[in-house]
Amino acid sequence: MLRGLDIRDMLIIDRLELAFQPGLNVLTGETGAGKSILLDALGFVLGWRGRAELVRQGADQGEVTAWFELPTKHPALAVLEEAGITYDGELILRRINTRDGRKTAWINDRRASGEVLRRLSDTLVELHGQHDDRGLLNPRGHRQMLDLFGGHDTAVGKVRAAWRALGAAKAAFEAATAKVAEAKAEEDYLRHAVAELDVLSPEVGEEEALDTQRRLMQAAERIREDISKALEALGLNGAEGLVNDASRWLQGVADKAEGHLDAPLSSIEQTLLALDQAQQGVSSCLDALSFNTSELEEVEERLFAIRGLARKHNVLPDDLRGFADDLRARLAMLDDSAGELGALEVAVDQAQTTYENAAQQLNAKRINAAKALDKAMVTELAPLKMERAAFATQIELCEPGPEGYDAVAFTVATNPGAPAGPLNKIASGGELSRFLLALKVCLTKSDDGLTMIFDEIDRGVGGATADAVGRRLAELAEGGQVLVVTHSPQVAALGGHHWRVEKRQQANATTSTVVPLDHDARIDEIARMLSGDTVTDAARAAARVLIES
């Protein structure tokens, strides 16, 4: 429920604060007094699209604040929770528009995006008038309205879930089909490549090992001769023989050297051990360098084969084994594709059946809801002096989608036997207003906490018809909140709370303000609406009758 509105420096309003009440709130005033400006300001703070230039002439920025009181389980609470905004009993929306066009919004003193603001406003306020193309006059929203009237949330949810599942099943089938087609297009290549890799069967690290072995073989002939000379120099004909001779000579005189040769003899013994180890290592090296010419050719042939396959498939030599596994997997997928595609096709068929069943059930519910809505409209049109008019909800098949395959359109016929057609093409201005009001009453019975604003919904009607419109608005406001901008004295007289919008001329500026009316002021205002600029006693008397009746 809208509790208050504070406007500063917007259009021709310098400062204005309004406190709204439950029930039927009426705003009246001369044409051009600024009633539409109030709606522009409210639409601005709610994030609706509107005028581009809103800041009052001479001001740096304009500001609008609106505060709401929400009942328990109001849909706005879910929006606030999702946005991470705390609600502690009062919802305050504040939005600023600077002279250069920048707009900034806050929800309960927290910065908010325009998207969050609009989502929130959709749960708070609904503005409606005979030229409203956002609501009842737009056929694209009629299906959603019918579902709201019929309480089809669960059924629509099932259809949406089935549609998503069907889309996922189709996507999986199409992706698998594309993979199979791709694999079939390269089947010959896959089988040849796998066979080639299987024959070679390269191992991880093999290319590096073969390269090392090849370089060693290539260098063997150059270094083998020097290694052999070194081995001979270390042997009995070289260092080992000389050291043995030295050891033998020293041992022969050691007992006469009074122990002075003990340490040298020990060192010679260690030297002989070291020489033996060196000979073994050099000999092992010679053995490693011993190979046949055919062995080098075999190593080079395998090394070049591995490198050639790596270049051919644009992978590293060590990745050839994994690459071969990938190719085998693609071949296995191709070999198993018939079974996999069959299973996926069955899944698509099952998802299609589930969707069609859910859509059919929703279609049946919509047909029943359409009959109930048409019947309810007959009841609502009668008090509005349109008992001879006809309202029909048409349901036709359309392309399947996430909300089923029903195209819903509200049609009317204003006279018996006249052809039915779209609301905004068949009804005149006054008739259209009453159709929309009746439809609004039917569709908003479950709109708990929604503030409804009717902008001159009574335009084009008068007398008893205007009185009937006003009484229906008053009934609609019971237990809720309705704001009505009106030029009809019959409607104004039925308001529970009444404000007059005034335009005031000052020295250098024109401003608009809103004045709350007490009982006597209401009589004068309604008398003005009845008689014009000159308010007579007879007009006041008529105004009293309207209010009291």
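Positions are given from 1, in the same order as the sequence printed here.
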## Note on the structure
Residues Ala477 and Gly23: closest non-hydrogen pair is CB-C, 3.4 Å
### Query
Can a donor-acceptor pair be found between the side chains of Asp374 and Thr393 at a distance below 3.5 Å?
yes
### Query
Counting only heavy atoms not in Arg388, do more than 12 sit closer than 6.0 Å to its CZ atom?
no
### Task
Ignoring hydrogens and angles, state whether a donor on the side chain of Gln61 or Thr98 is under 3.5 Å from an acceptor on the partner side chain.
no
### Query
Can Lys503 and Glu30 be said to form a salt bridge (Lys or Arg N to Asp or Glu O under 4.0 Å), step by step?
CA-CA 9 Å; Lys503 184 181 289 186; Glu30 296 282 0; over 6 Å; no
### Query
Hey, what do you get for CD1 (Ile7) to CD (Glu17), rounding to the nearest 0.5 Å?
10.5 Å
### Task
With the side chain counted from C-beta on, respond yes when Leu362 and Glu403 share a heavy-atom pair under 4.5 Å apart, and no when they do not.
no
### Query
If we ignore angles and hydrogens, is there a donor and acceptor under 3.5 Å between the side chains of Ser488 and Gln490?
yes
### Task
Considering only NZ, NE, NH1 and NH2 on the basic side and carboxylate oxygens on the acidic side, decide whether Arg366 and Asp406 come within less than 4.0 Å.
yes
### Task
For Asp60, look at atom CG and say whether over 12 heavy atoms of other residues, nucleotides or ligands are found less than 6.0 Å away.
no
### Within 6.0 Å of CD in Glu82, more than 12 heavy atoms from elsewhere
no
### Task
Please examine the side chains of Leu91 and Leu93, heavy atoms only from C-beta on, and report whether any two atoms are closer than 4.5 Å.
yes
### Message
Does Gln21 have more than 12 heavy atoms from other residues, nucleotides or ligands lying within 6.0 Å of its CD?
### Response
yes
### Message
Can you tell me how far apart OG1 (Thr353) and CD (Gln360) are? Round to the nearest 0.5 Å.
### Response
9.5 Å
### Message
Under the side-chain contact (heavy atoms from CB on, under 4.5 Å) test against Arg95, which residue among Val64, Leu117, Thr104 passes?
### Response
Leu117
#### Entry: Glu81, CD atom: more than 12 neighbouring heavy atoms under 6.0 Å
no
### Message
So Val484 and Val491, do their side chains get closer than 4.5 Å, heavy atoms only?
### Response
yes
### Message
Looking at Gln57, I want to see if its CD is surrounded by more than 12 non-hydrogen atoms of other residues, nucleotides or ligands under 6.0 Å.
### Response
no
### Task
Could you tell me how the ring of Phe391 sits relative to the ring of Phe410: parallel (under 30°), tilted (30 to 60°) or perpendicular (over 60°)?
tilted
### Asp109 atom CG, over 12 foreign heavy atoms within 6.0 Å
no
### Task
Could you check if a side-chain atom of Arg472 sits within less than 4.5 angstrom of a side-chain atom of Leu384, using non-hydrogen atoms only?
yes
### Query
Below 4.5 Å, heavy atoms only, C-beta onward: do Phe68 and Thr123 meet side chain to side chain?
no
### Message
Would you say Gln352 and Glu356 are linked by a side-chain donor-acceptor pair, where the criterion is simply a distance under 3.5 Å?
### Response
yes
### Query
Rounded to the nearest 0.5 Å, how far does CG of Asp14 lie from CG of Asp9?
7.0 Å
#### Entry: Modelled atom types, side-chain donor and acceptor of Thr28 and His487, under 3.5 Å
no
#### Entry: Single hit among Val45, Ile96, Leu5, Ile92 for side-chain contact (heavy atoms from CB on, under 4.5 Å) with Thr65
Ile92
### Criterion salt bridge (Lys or Arg N to Asp or Glu O under 4.0 Å) on Glu525 and Arg522, from CA distance to verdict
CA-CA 5 Å; Glu525 173 64 6; Arg522 285 193 70 200; over 6 Å; no
